[in-house]
Protein chains: 2
Amino acid sequence: MRSNFLFLDTIINKVDAKGRVSLPSDYRAIVKETSSEIVCYRSLTSPCIEGCLEDLLDKLATEIETSTDFFSQTQDDLTNLIFGDAKRFPFDSTGRIGLTEKLLKHANITDTAVFVGKGRKFQIWNPENWEKEEARIRAEVLKNRPVLRPTLKEENK
Amino acid sequence: MRSNFLFLDTIINKVDAKGRVSLPSDYRAIVKETSSEIVCYRSLTSPCIEGCLEDLLDKLATEIETSTDFFSQTQDDLTNLIFGDAKRFPFDSTGRIGLTEKLLKHANITDTAVFVGKGRKFQIWNPENWEKEEARIRAEVLKNRPVLRPTLKEENK
DNA sequence: TTGCATCCCATGAAATCCCATGTTATACCA
DNA sequence: TGGTATAACATGGGATTTCATGGGATGCAA
């Protein structure tokens, strides 16, 4: 038995005229294993759709409920924004979910969607936007973490 | 459950037309013992594939989940990069995994792959590239740690 | 009725499984 | 110790299943 799960990988799927997309099969397996459901909402920070298991939002709600952190007001606000925007997306017998106009528009998705794993969450992007975003992140991470390559010291010039 | 295991040794295996490679049997034993699964992704710093147990990523996800800045930008970037690139690779009844085009291309692997143990992780290289990389590393180590020299025999002078 | 969302079936492509075979490593016995 | 028998492993190819995706049918609400 596994209590853990991870949304991984990057998967490109078609969006048909009805707004339907196949949820990647790995993601479906997680939903089944956990007996939970997929929840999606507009990302607060990026032009993409964000998704997770309903369980995760439940944990968030509990944290807020029991939090004694005086300075977490901002986080509470942000979280509440998400709750207001989030919606359950069950998938049909062929494994597809029907994304709404609101979500598709926010992410600028028309006929192709990119699912990007984020561990306990995932995101859905427009292909071109994701390409740019990935390039940005790679550059950013490499810049900020030269430490990743400690064996390349140039001490003897 | 044991948390101690090591990916060791250097093993050369064939990659067939379908992208299938035998996972070294020692590695398979580790997967079975830990009841985990192999996860692979493109190395951030080298032209090679990197692999580890899913447990390792799961720990990372838990750390992020329980950290206080749920909405941190840097964290978002990192999770996208790591979880978005990583993919589970279960092996079939004959012990093979099917590497993807994306990974093979990144590592420049066509028909032969070299598995290199790295302890908690391992890497998969194109044979020629690994040969160069190993030479580079050895040279680097000797240069930066002259103390090692006295123990080296002078047999290839 | 009309528009919209869900459900069901069909199809092609891709990933996975299974069996067969040669090779290498290990165990066993003289 | 050497030599052979046995088991483990790597690898090729074909069969099978899963998956993504298009299209039509069905049900519900305005």
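Chain letters run A, B, ... following the sequence lines, proteins first and then strands; every chain starts at 1.
Residue A:D111 contributes atom CG, which lies 15 Å from atom C1' of D:dA20 at whole-angstrom precision. Atom-to-atom, CG of A:D16 to P of D:dG24 comes out at 13 Å; the value is rounded to the nearest Å. Residue B:K32 contributes atom NZ, which lies 8 Å from atom P of D:dC9 at whole-angstrom precision. For the pair B:I11 CD1 and C:dA25 C1', the interatomic distance rounds to 13 Å; values are reported in whole Å. The interatomic distance linking B:Y27 (OH) with D:dA8 (P) rounds to 21 Å, in whole Å. Put simply, CZ on B:R88 is 12 Å from P on C:dT16, counting in whole angstrom units. The distance between atom NZ of B:K14 and atom P of D:dA10, rounded to the nearest whole Å, is 13 Å. Taking atom CG on B:D26 and atom P on D:dC9, their separation rounds to 9 Å, with Å as the unit.
Ring to ring, B:Y27 and B:F122 are close: their centroids are under 6.0 angstrom apart.
With a 4.5 Å cut-off on side-chain heavy atoms, B:D76 and A:K118 count as touching. Using a 4.5 Å cut-off on side-chain heavy atoms (C-beta onward), B:V21 and B:K14 make no contact.
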Residues 86-93 of chain A side chain polar contacts: donor-acceptor under 3.5 Å, at least two apart:
{"from": "A:R88", "atom 1": "NE", "to": "A:E54", "atom 2": "OE1", "distance (Å)": "2.9"}
{"from": "A:R88", "atom 1": "NE", "to": "A:E54", "atom 2": "OE2", "distance (Å)": "3.3"}
{"from": "A:R88", "atom 1": "NH2", "to": "A:E54", "atom 2": "OE2", "distance (Å)": "2.9"}
{"from": "A:D92", "atom 1": "OD1", "to": "A:T94", "atom 2": "N", "distance (Å)": "2.9"}
{"from": "A:D92", "atom 1": "OD1", "to": "A:T94", "atom 2": "OG1", "distance (Å)": "2.9"}
{"from": "A:D92", "atom 1": "OD1", "to": "A:G95", "atom 2": "N", "distance (Å)": "2.9"}
{"from": "A:D92", "atom 1": "OD1", "to": "A:R96", "atom 2": "N", "distance (Å)": "3.0"}

Quick tally for nucleotides 4-14 of chain C: nucleotides whose base has a protein heavy atom under 4.0 Å get B, sugar-phosphate-only ones S, the rest -, giving --BBBB-----
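B:S36 and B:D55 are linked by a side-chain donor-acceptor pair at a separation below 3.5 angstrom, with hydrogens and angles left out of the test. B:W130 and B:E128 share no side-chain donor-acceptor pair at under 3.5 Å.
Checking D:dG12, D:dA20, D:dA10 against the side-chain heavy atoms of A:N13 singles out D:dA20 as nearest.
Cation-pi geometry between A:R120 and A:F5 is met: the NZ or CZ atom falls under 6.0 Å from the ring centre, inside 45° of the normal.
Nearest approach of A:I124 to A:A107, heavy atoms of both residues: O-CB, 4.1 Å.
A:S22 comes within contact range of at least one nucleobase, with a heavy-atom separation under 4.0 Å.
In the helix from C:dT1-D:dA30 to C:dA30-D:dT1, the rotation axis of the first five pairs and that of the last five pairs differ in direction by 40°, rounded to 10 degrees.
Hydrophobic clustering, with ILVMFWY side chains joined whenever heavy atoms are under 4.5 angstrom apart, keeps A:L53 apart from A:V116.
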